[in-house]
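Reviewing the structure listed below.
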Amino acid sequence: MAARDVVMGSSVVGDRAGASNRILSRPMSEVRTRFAPSPTGALHIGGARTALFNWAYARGRGGRFVLRIEDTDRERSRREHEDAILEGFRWLGIDWDEGPDVGGPYGPYRQSERLERHHAIAQELLADGRAYRCFATPQELDDLRAAQEARKETPRYDGRYRDLPREESDRRAAAGEPFTVRFRVPEGETTIRDSIRGDVRFAHAELDDWIMVRTDGSPTYNFVCVCDDADMRITHVVRGEEHLVNTPKQVLLFAALGLAAPQYAHLPLILGTDGKKMSKRTGDTALVAYRDAGHPPEAVVNFLCLQGWSLDGEHEVFDLATLVREFDVEDVSKGGSIFDIDKLSWLSGEYLRSEPLDRTLDRSVPFLERAGLADGAAVERDREWWRLAIESIRERVRTYAEVPAKLEYLFAPDEEVPFDPAAEAGTRKHAGASTTLAELAQFVPTIPDAKWSREELPAVLKAWCAEGGRKVGAVFQPVRTALTGQAGGPELADVFVLLGRDRAVTRLRAAAGRLGS
RNA sequence: GGCCCCUUCGUCUAGUCAGGCCUAGGACACCAGGUUUUCAUCCUGGCGACAGGGGUUCAAAUCCCCUAGGGGUCACCA
């Protein structure tokens with residue numbers, strides 16, 4: 001099979017400089033999907049899901065997943081954005097078989113590097129009349145649009161250069177008059193067979209003779225998209241619903257090139273809380289925002305799976321291997337989904353709690369650094385201490401970003417731990433709190449080393465309460481305030497061990513004094 | 001406005017293609033209880049939906065029609 005593919009590959013993609021654009025059956029034995037981001041900004045969360053589904057579909061069928069950079073907009077495209085997008089996929093755990101960085105048999109994978117190919121195809125279409133030159137100026141088109149709108153008509157190109165004689169067209173072009181190249185949309189209608197939506201019909205009368213090549217010679221999206229999908233032998237195009245209306249244009253172009261169009265699937269949109277296409281106003285649209293907010297990538301990817309697809313309606317937490325095994329684009333739902341940050345946070349908590357402790361620690365380091373609590377080297381020096389610190393609060397956070405705030409109390413000055421007002425008020429209700437703290441400060445140094453552990457300490461402390469006839473509740477609350485300044489938080493045994501005897505005693509004494517007045 | 005798509009709990013969804021197993025299942029969120037030294041985790045329970053109206057059928061969330069609502073798109077952006 002591989003050998004056959006190679007043969008097909010060379011006949012299709014390699015040398016098309018000559019006469020024939022008429023092609024060319026693609027090797028249907030292999031599923032080839034692609035994600036084609038435009039490097040004009042950060043990777044969109046919806047784009048990430050689109051890529052994920054493309055990836056899963058190909059992976060689940062032994063196919064290939066291709067990354068193509070759509071940088072035909074030279075003004076806005078930036079290499080740093082491309083790098084960031086690739087980095088985003090690596091973070092999510094999505095890999096690609098062909099792409100701008102790894103190359104592949106149908107490269108190059110940046111559209112800006114495929115311009116010769118695009119021009120050759122445009123020339124061919126122009127030569128056989130399937131496309132034509134349009135000499136209308138932007139101003140002219142603006143006026144046309146304005147006039148149509150004034151008459152409450154749908155703005156549309158009126159085909160004014162559609163029937164310009166070939167000789168005149170050639171002459172004006174030769175004379176240097178600027179022109180665009182438009183696709184000649186034939187009469188009739190096109191039915192799109194969409195894997196998710198079924199058959200969708202479009203009357204050609206609704207389609208403009210759209211522009212393939214701009215005045216400056218640069219090709220437009222709908223044009224290059226088809227050229228590259230064809231050359232890269234893409235078999236399944238899975239993309240956002242906003243592209244549905246582009247599809248008949250593209251299908252017609254495939255037909256004009258003598259090619260079978262790929263199988264299409266248009267994914268429902270991911271909506272903001274206002275029910276509209278997600279925008280920066282209604283939520284973080286950039287994937288990196290979720291990384292920066294401390295969500296585990298496994299949670300983000302799992303969450304994305306749940307937007308428009310479900311495993312079985314019962315199991316919500318699953319990994320990429322499961323997705324690959326079970327995913328089918330036909331099972332994707334039709335309706336758009338509103339991004340529910342609460343559910344993402346819940347998933348984040350699930351993953352964070354169940355991963356190896358060391359991973360939680362390592363992933364928390366950037367946030368600890370940002371908060372000024374510790375840097376990587378400091379964590380490495382005291383790794384065991386940090387592991388316990390993380391373990392003590394892991395059930396109390398949902399993201400890595402929440403870690404520093406939970407551990408901040410450990411870095412407060414022992415003589416004056418900041419007291420949360422509610423915690424202090426609650427503590428002052430216990431009449432003998434100050435005395436109790438002072439007594440405990442006396443007791444702590446007498447605890448044997450063997451008992452000074454998170455496992456043994458709870459029993460030791462409770463025994464101490466019992467011996468003195470103290471109520472556990474009346475002791476623990478003041479102690480918690482003394483040691484952490486908070487009303488809630490980790491097991492006190494953990495707090496004691498993390499602080500160590502000396503610091504714990506200092507805090508107990510200080511609090512006894514502060515609460516005694 | 002034209003064209004196109006969509007419509008099950010507040011949210012994500014199962015069920016719809018092959019009508020009956022659906023007094024519509026799960027999850028998040030919320031509420032209430034339980035466990036616990038607190039908070040959290042965890043456990044139990046509760047609240048809560050087939051957009052509306054016609055048909056077809058013994059039977060409709062599921063099929064057909066209409067209405068309403070929402071969304072997408074109408075660029076020499078992608």
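Every chain is numbered from 1, with letters handed out A, B, ... down the list of sequences.
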Base, sugar-phosphate, or nothing: which does [X] touch, judged by heavy atoms less than 4.0 Å apart?
X	answer
His315(A)	nothing
Thr180(A)	base
Ala136(A)	base
Arg145(A)	sugar-phosphate
Leu141(A)	base
Ser77(A)	nothing
Ser345(A)	nothing
Gly349(A)	nothing
Gln307(A)	sugar-phosphate
Ser310(A)	sugar-phosphate

For [X] and [N], give me the distance from atom [atom1] to atom [atom2], rounded to whole Å.
X	N	atom1	atom2	value
Leu271(A)	G72(B)	CG	C1'	10 Å
Asp208(A)	U73(B)	CG	C1'	12 Å
His204(A)	G2(B)	NE2	C1'	17 Å
Ile270(A)	U11(B)	CD1	P	16 Å
Phe318(A)	G26(B)	CZ	P	18 Å
Ile341(A)	U11(B)	CD1	C1'	13 Å

Pair Thr40(A), His81(A): side-chain N/O donor-acceptor within cut-off below 3.5 Å: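 No, no side-chain donor-acceptor contact under 3.5 Å.
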
Taking ring-ring contact (aromatic ring centres under 6.0 Å, His included) as the test, write out the residues that go with [X], two or more places apart.
X	value
His243(A)	Tyr221(A)
Trp346(A)	none
Tyr400(A)	none

Set of residues satisfying side chain to side chain donor-acceptor pair (under 3.5 Å) with respect to Glu140(A), sequence neighbours excluded: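 For Glu140(A) the side chain to side chain donor-acceptor pair (under 3.5 Å) partners, ignoring immediate neighbours, are Arg160(A).
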
Residues forming a side chain to side chain donor-acceptor pair (under 3.5 Å) with Arg68(A), sequence neighbours excluded: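 Here the qualifying residues are Glu70(A), Asp229(A).
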
For a quick test of reading the model: is some side-chain N or O of [X] closer than 4.0 Å to OP1 or OP2 of [N]?
X	N	result
Lys276(A)	G71(B)	yes
Thr273(A)	U11(B)	no
Ser337(A)	U13(B)	yes

For [N], the Watson-Crick or wobble counterpart (both distances under 3.5 Å):
N	answer
U41(B)	none
U35(B)	none
C74(B)	G1(B)
G10(B)	C28(B)

Would [X] count as a cation-pi partner of [Y], with NZ or CZ less than 6.0 Å from the six-membered ring centre and within 45° of the ring normal?
X	Y	result
Arg182(A)	Trp210(A)	no
Arg514(A)	Phe419(A)	yes
Arg239(A)	Tyr264(A)	no

Asp342(A) vs Arg156(A), nearer the 5' end of RNA chain B by closest nucleotide: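 On the 5' side of the pair lies Arg156(A).
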
Nearest to the side chain of [X] - [options]?
X	options	value
Leu269(A)	G71(B), G10(B), A78(B)	G71(B)
Leu306(A)	C12(B), C28(B), A78(B)	C12(B)
Ile338(A)	A14(B), A78(B), C12(B)	C12(B)

Provide the distance between the two [atom1] atoms, one in [N] and one in [M], to the nearest whole Å.
N	M	atom1	answer
C21(B)	A59(B)	C1'	14 Å
G46(B)	G52(B)	P	25 Å
C64(B)	G45(B)	P	39 Å
G10(B)	C47(B)	P	14 Å
C9(B)	A61(B)	C1'	14 Å
A60(B)	G69(B)	P	28 Å
U8(B)	A14(B)	C1'	10 Å
C6(B)	C42(B)	C1'	39 Å

Within the 6.0 Å centroid threshold, strictly below: Trp309(A) and Phe53(A):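 They do not qualify: ring centres at least 6.0 Å apart.
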
Report yes or no: is there a donor-acceptor pair, N or O only, under 3.5 Å between the side chain of [X] and the base of [N]?
X	N	value
Lys343(A)	A29(B)	no
Glu316(A)	G26(B)	yes
Asn246(A)	A78(B)	yes

Aromatic ring of His266(A) stacked on base six-ring of G72(B), 5.5 Å, 30°: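 So no, this residue does not stack on that base, at least one cut-off failing.
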
Excluding sequence neighbours, so at least two apart, what forms side chain to side chain contact (heavy atoms under 4.5 Å, CB included) with [X]?
X	result
Arg172(A)	Phe135(A), Tyr161(A), Leu164(A), Glu168(A), Glu177(A)
Pro404(A)	Phe367(A), Leu368(A), Ala371(A), Leu373(A)
Ala474(A)	His430(A), Lys471(A)
Thr285(A)	His44(A), Met278(A), Lys280(A)

Contact letters for nucleotides 3-8 of chain B, in which S counts primed atoms plus P, OP1 and OP2 and B counts the base, heavy atoms under 4.0 Å: SSBS--

Base-contact (B) and sugar-phosphate-only (S) positions in nucleotides 37-51 of chain B, heavy-atom cut-off under 4.0 Å, - elsewhere: BBBBSS---------

Please list, for nucleotides 19-22 of chain B, all pairs of protein and nucleotide N/O atoms separated by less than 3.5 Å.
none

Whether over 12 other heavy atoms sit under 6.0 Å from Glu187(A) CD: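 Count not over threshold, so no.
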
Check: Asp194(A) side chain, Ile196(A) main-chain N or O, donor-acceptor pair, under 3.5 Å: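 Side chain of Asp194(A) to backbone of Ile196(A): a pair is present.
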
